[in-house]
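The block underneath contains the structure these notes are about, expressed in C-alpha cells.
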Amino acid sequence: MTRTQQSPDGRKLALSSETGQIYVFDLEASALAATYTSHAMTVRALAWSPDSSLLLSASDDKRLVLHDVRSAPGGTVASFTGHASWVLSADISPDGRFGLSGSADKTIKVWDIAARAAVATVQDTGEVWGVSWRPRIAGSAGGGAFVSAGEDGVVRWWRVAGAGAA
C-alpha cells in the first residue's frame with residue numbers, strides 16, 4: 001500500500017496501491033466496501049471531502065480522479081487532467097468546493113470540483129510533494145489559502161483569488 005486516509009466521519013478507510021487500485025473499507029462493518037481501478041499507475045495521494053462522501057485520488061498517471069463512495073460499482077464521478085507529470089499530492093478544501101494538487105511538473109493546481117476544471121495554476125520552484133488547504137476557523141475569512149512543500153525544502157503559503165469562504 002502506498003497511502004492510507006481515514007474519512008472525516010471516521011467510518012471509512014481508503015488505501016491505495018502501487019498498481020493503481022484504491023480500496024475503501026467500511027470500518028463499522030469491518031468489510032471491504034469498494035475497490036476502484038480508475039488509475040493505471042501508483043496512487044500517491046488520497047483526500048476526503050469534509051462530508052466523507054467524495055474521495056480524491058492523485059496518481060503517477062498525471063490525473064486526479066474523484067470517487068463518490070456512496071455509489072457502486074466504480075463510483076468515479078470526474079477525472080481531472082492538466083498536469084504534465086506525476087501528481088504527488090492532493091487535498092479538498094474545508095468547504096468541499098475545491099480540489100488542490102501538487103505535481104512533479106513543479107505546479108500546483110486549484111480545481112473547481114463542481115465545474116470539473118482547473119481555476120488556477122501556480123508555478124513552484126521544484127516538485128510539489130505536499131499540499132494542504134488552510135483549515136476553516138470559526139469567525140475567520142481563511143478560505144482560499146493553502147500551503148505547499150516540495151523538493152526545494154521550502155514551505156510556502158498561497159492564497160487563491162476566488163477560492164474564499166462561501
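From a predicted model like this one, the values you see are computed outputs, not experimental measurements. Just so you know, residue 1 is the first one in the sequence shown, and it goes up from there.
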Donor-acceptor contact present, side-chain [X] to main-chain [Y], <3.5 Å:
| X | Y | answer |
| --- | --- | --- |
| Thr81 | Arg63 | no |
| Gln123 | Lys106 | yes |
| Ser89 | Ser101 | no |
| Asp61 | Ala40 | yes |
| Thr42 | Asp60 | no |
| Trp48 | Gln5 | yes |
| Asp91 | Trp133 | yes |
| Ser132 | Val147 | no |
| Ser85 | Ala104 | no |

How many angstroms lie between [atom1] in [X] and [atom2] in [Y], if you round to the nearest 0.5 Å?
| X | Y | atom1 | atom2 | value |
| --- | --- | --- | --- | --- |
| Ser16 | Arg3 | OG | CZ | 7.0 Å |
| His39 | Ser17 | NE2 | OG | 10.0 Å |
| Leu55 | Leu46 | CG | CG | 5.5 Å |
| Ile92 | Leu56 | CD1 | CG | 5.0 Å |
| Ser103 | Arg44 | OG | CZ | 11.0 Å |
| Ser53 | His67 | OG | NE2 | 13.0 Å |

Same cluster for [X] and [Y] if Ile/Leu/Val/Met/Phe/Trp/Tyr side chains link at under 4.5 Å?
| X | Y | value |
| --- | --- | --- |
| Phe80 | Val77 | yes |
| Val119 | Val128 | yes |
| Phe146 | Phe98 | yes |
| Leu88 | Leu66 | no |

Taking atom NZ of Lys62 as the centre, report whether more than 12 heavy atoms of other residues, nucleotides or ligands fall under 6.0 Å from it.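 Incorrect, the count does not exceed 12.
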Counting only heavy atoms not in Glu151 (residues, nucleotides, ligands), do more than 12 fall under 6.0 Å from its CD?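 Enclosed: over 12 neighbouring heavy atoms sit under 6.0 Å from CD of Glu151.
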With distance as the sole criterion, is a donor-acceptor pair present between the side chains of [X] and [Y] under 3.5 Å?
| X | Y | answer |
| --- | --- | --- |
| Trp86 | Ser59 | no |
| Lys109 | Thr121 | yes |
| Trp158 | Ser148 | yes |

Result for side-chain contact (heavy atoms from CB on, under 4.5 Å) between Asp124 and one of Val131, Asp152, Thr107, Asp105 points to Asp152
Ignoring hydrogens and angles, write down the donor-acceptor pairs under 3.5 Å from the side chains of residues 22-30, residues two or more places apart or on other chains.
{"from": "Asp26", "atom 1": "OD1", "to": "Glu28", "atom 2": "N", "distance (Å)": "2.9"}
{"from": "Asp26", "atom 1": "OD1", "to": "Ala29", "atom 2": "N", "distance (Å)": "3.0"}
{"from": "Glu28", "atom 1": "OE2", "to": "Arg11", "atom 2": "NE", "distance (Å)": "3.4"}

Identify the heavy atoms of [X] and [Y] that sit nearest to each other, and give their distance.
| X | Y | answer |
| --- | --- | --- |
| Thr76 | Ser38 | OG1-CB, 3.9 Å |
| Ala58 | Val87 | CB-CG1, 3.5 Å |
| Pro50 | Pro8 | O-CB, 3.7 Å |

Does any non-hydrogen side-chain atom of Trp111 lie less than 4.5 Å from one of Leu100?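 Contact flag for Leu100/Trp111 side chains = no.
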